[in-house]
Amino acid sequence: MKNKSLISIHDYSKTDYFKILEWADIFRKNPKEYENLLMGKVIATLFFEPSTRTRLSFESAVQRMGGRIIGFSDPGSSSVQKGESLKDTILTVAQYADLIVMRHPIEGSARWASEVSPVPIINAGDGANQHPTQCLLDLYTIKETQNTLDNLTITFVGDLKYGRTVHSLIQAMSHFNPTFYLVSPDTLRLPNEYKMLLDEHNVKYYEVRDMSEVVKLSDIVYVTRVQRERFSDPIEYEKVKNAYVLNAAMLEGTKANLKVLHPLPRVNEISVDVDDTNKAYYFEQALNGVYTRMAIIALILGLKN
Ligand code: CP
């Protein structure tokens with residue numbers, strides 16, 4: 001993984017996943033031991049789209065390992081505003097940093113950046129395409145809560161069309177013989193390219209309209225927000241924005257090991273009464289982003305192997 005960009009979860013093997021999860025666990029258990037690991041390293045975070053968790057957990061990860069951060073969270077404050085191209089921005093920032101973490105609204109932009117950059121690029125989300133570091137923290141959280149990644153039943157709820165966290169997680173979990181229930185409005189169903197991938201891996205998946213029954217069969221319920229920013233027509237967004245709302249009553253009679261995950265931010269799709277149940281695990285999931293990103297940075301910079 002040394003010096004290798006992380007653009008799509010597809011770029012990494014099952015062995016890589018376990019390596020990252022193993023190091024995430026080590027960083028979690030021994031934070032003091034690694035507080036100078038990134039001494040002298042500079043990491044750039046270039047966020048062309050809004051973020052709370054991804055940017056701040058990357059920055060927290062760098063600071064917990066003694067590294068330094070440069071970058072922007074508002075492209076309006078950078079020379080992008082003056083018309084600078086993405087290529088020129090990347091080639092310039094690569095002079096200042098050992099690693100670039102980038103979020104961008106255009107699908108494929110992270111791959112393109114990695115092809116021109118002399119330093120590794122980590123894709124922190126490119127449009128509706130991929131969010132591989134979220135996927136790795138999701139894998140960590142699933143393994144933490146289920147003690148395995150194998151043979152799990154996972155229900156995905158919400159925006160399966162534009163949900164980049166869903167796309168990455170579906171790809172990664174395909175290695176582990178899962179059963180998927182896919183719950184979404186008709187207009188936000190999982191794209192065919194991902195269904196073809198599931199077919200290639202002989203993954204069992206079922207598209208369903210009603211989530212109440214499948215929640216009872218699930219080990220993980222992975223809820224996502226319907227993303228207003230992905231709709232060109234606001235009327236279409238209004239039609240589906242509250243199509244699925246998980247509440248505490250729906251969790252009665254579910255499996256003892258069931259955990260509800262969400263990449264966050266949440267709008268209405270998980271009622272706040274779920275927060276008080278022992279099924280809610282989305283804030284712990286957000287914390288796992290720090291340990292997982294510590295591991296990803298350390299491995300890409302070749303400071304661990
Ligand atoms: N999960 C996630 O990507 O959250 P942010 O958009 O806040 O970074």
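Atoms within each ligand, like the ligands themselves, are counted from 1 in listed order. Values in this document were obtained by computation on a predicted structure and should not be read as measured data.
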Original post:
So is there a nitrogen or oxygen of Ser51 less than 3.5 Å from a nitrogen or oxygen in ligand 1?
Top reply: yes

**OP:** Kindly confirm or rule out an N or O of Pro265 lying under 3.5 angstrom from an N or O of ligand 1.
**Re:** no

Subject >> Closest protein heavy atom to atom 1 (N) of ligand 1, given as residue, atom name and distance to 0.1 Å >> reply: Pro263 O, 2.7 Å

Original post:
If you measure from each non-hydrogen atom of Leu264 to ligand 1, which part falls under 4.0 Å: side chain, backbone, both or neither?
Top reply: backbone

Original post:
Should Glu236 and Lys161 count as an ion pair when the cut-off is N to O under 4.0 Å?
Top reply: no

**OP:** Report whether Val226 and Leu190 are members of the same hydrophobic cluster (ILVMFWY, side-chain heavy atoms less than 4.5 Å apart, transitive linking).
**Re:** no

Original post:
Between Asp138 and Gln134, do the side chains contain an N or O donor and an N or O acceptor separated by less than 3.5 Å?
Top reply: yes

Original post:
Which one of Arg225, His131, Arg103, Glu49 has a non-hydrogen atom at the shortest distance from atom 6 (O) of ligand 1?
Top reply: Arg103

Original post:
Looking at Phe47, does the NZ or CZ of Arg103 lie under 6.0 angstrom from its six-membered ring centre and within 45 degrees of the ring axis?
Top reply: no

Original post:
Is it true that Val208 and Val223 fall in one hydrophobic cluster, defined by side-chain heavy atoms closer than 4.5 Å?
Top reply: yes

**OP:** Enumerate the atoms of ligand 1 whose separation from the nearest heavy atom of Thr52 is less than 4.0 angstrom.
**Re:** 5 (P), 7 (O), 8 (O)

Original post:
Which of the numbered atoms in ligand 1 are below 4.0 angstrom from a heavy atom of Gln134?
Top reply: 1 (N), 2 (C)

Original post:
Below 3.5 angstrom, do we get any N/O pair linking Pro50 and ligand 1?
Top reply: no

**OP:** Identify the residue among Glu284, Glu33, Glu22, Glu144 that makes a salt bridge (charged side-chain N to carboxylate O under 4.0 Å, His left out) with Arg28.
**Re:** Glu144

